[in-house]
Amino acid sequence: QVQLVESGGGLVQAGGSLRLSCAASGVIFSNCAMTWFRQAPGQERELVASITRAGDMTEYADSVKGRFTISRDNAKTTVYLQMNALKPEDTAVYFCNALCRNWLNNYLSYWGRGTQVTVSS
């Protein structure tokens, strides 16, 4: 059974920092590209940052470039999102997604339940 469990969310003042973690189990983590999404109330879910299976390439939404950093530790089967210089508009539920290739070369997508990040002004 695949599980993605996010942690590290909370309430922080504008300008502060948080580090989110997403621990994966039930998958071969090194076969999974990992992505952080977020969804604010009344908004669509949006991509925040993604990282390739080997961790050699990353991608960021324009709104977080220079402030957020995605990383992964394949030995710990965990992906991280370091968020600095937080703004009130970063307030959202942050979700972890794994896009995993299986032995049939099919790609399966898995989601965590999310962690709330609230940035006060």
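Below, each value reflects all heavy atoms present in this structure, side chains not excepted, and no hydrogens, waters or symmetry copies. Here the structure is a predicted model, which means the values were calculated and not measured.
In terms of hydrophobic clustering, with Ile, Leu, Val, Met, Phe, Trp and Tyr side chains grouped at heavy-atom distances under 4.5 Å, V64 and V119 are assigned to a common cluster. Taking hydrophobic clusters as Ile, Leu, Val, Met, Phe, Trp and Tyr residues chained together by side-chain heavy-atom distances below 4.5 Å, L4 does not share a cluster with F37. Cluster annotation: L81 is connected to L18 through the hydrophobic network of ILVMFWY side chains, with a link wherever side-chain heavy atoms come within less than 4.5 Å. Clustering ILVMFWY residues whenever any of their side-chain heavy atoms sit less than 4.5 angstrom apart, transitively, puts Y94 in a cluster other than the one holding W111.
Of all the heavy atoms in A40 and A92, the pair that sits closest is N-CB, 3.8 Å. Scanning both residues, C96 and V79, for their nearest heavy atoms gives SG-CG1, 3.9 Å. Between T35 and S50, the shortest heavy-atom distance links the atoms OG1-CB, 3.3 Å. The heavy-atom pair separating V27 from C100 by the smallest distance is CG1-SG, 4.2 Å.
A donor-acceptor pair is defined here as one N or O able to donate and one able to accept, closer than 3.5 Å; no such pair exists between the side chain of R72 and the backbone of G55. Put simply, the side chain of E6 gets close to the backbone of R113: a donor and an acceptor are under 3.5 Å apart. The closest donor-acceptor contact from the side chain of T77 to the backbone of S25 lies at 3.5 Å or more, if one exists at all. Not one N or O on the side chain of R101 forms a donor-acceptor pair closer than 3.5 Å with the backbone of A33.
Between Q116 and T91, the closest side-chain pair of non-hydrogen atoms falls below 4.5 Å. Residues V117 and L20 meet the side-chain proximity criterion, which asks for heavy atoms closer than 4.5 Å. Looking at heavy atoms from C-beta onward, M83 lies out of side-chain contact with W36 at the 4.5 angstrom threshold. With a 4.5 Å cut-off on side-chain heavy atoms, N102 and N31 do not count as touching.
One finds a salt bridge joining K65 and D62 here, because a Lys/Arg side-chain nitrogen approaches an Asp/Glu carboxylate oxygen to under 4.0 Å. Ion pairing between R38 and E46 holds under the 4.0 Å rule for side-chain N and carboxylate O.
Atoms CD and OH, from Q1 and Y110 in turn, are 11.0 Å apart once rounded to the nearest 0.5 Å. Going from atom NZ of K87 over to atom OG of S121 covers 14.0 Å, rounded to the nearest 0.5 Å.
Shown are F68, F95, Y60; of these, the side chain to side chain contact (heavy atoms under 4.5 Å, CB included) with V48 is made only by F68.
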Under the criterion side chain to side chain contact (heavy atoms under 4.5 Å, CB included), I'd like the reasoning laid out for R53 against S30: C-alpha separation, chi angles, the key distance, then a yes or no. CA-CA 5 Å; R53 288 173 289 169; S30 57; 5.9 Å; no
Before giving the answer on side chain to side chain contact (heavy atoms under 4.5 Å, CB included), spell out for S109 and N97 the whole-Å C-alpha distance, their side-chain angles and the decisive distance to 0.1 Å. CA-CA 7 Å; S109 178; N97 174 269; 2.8 Å; yes
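Heavy atoms from other residues, nucleotides or ligands lying under 6.0 Å from CG of L47 number more than 12.
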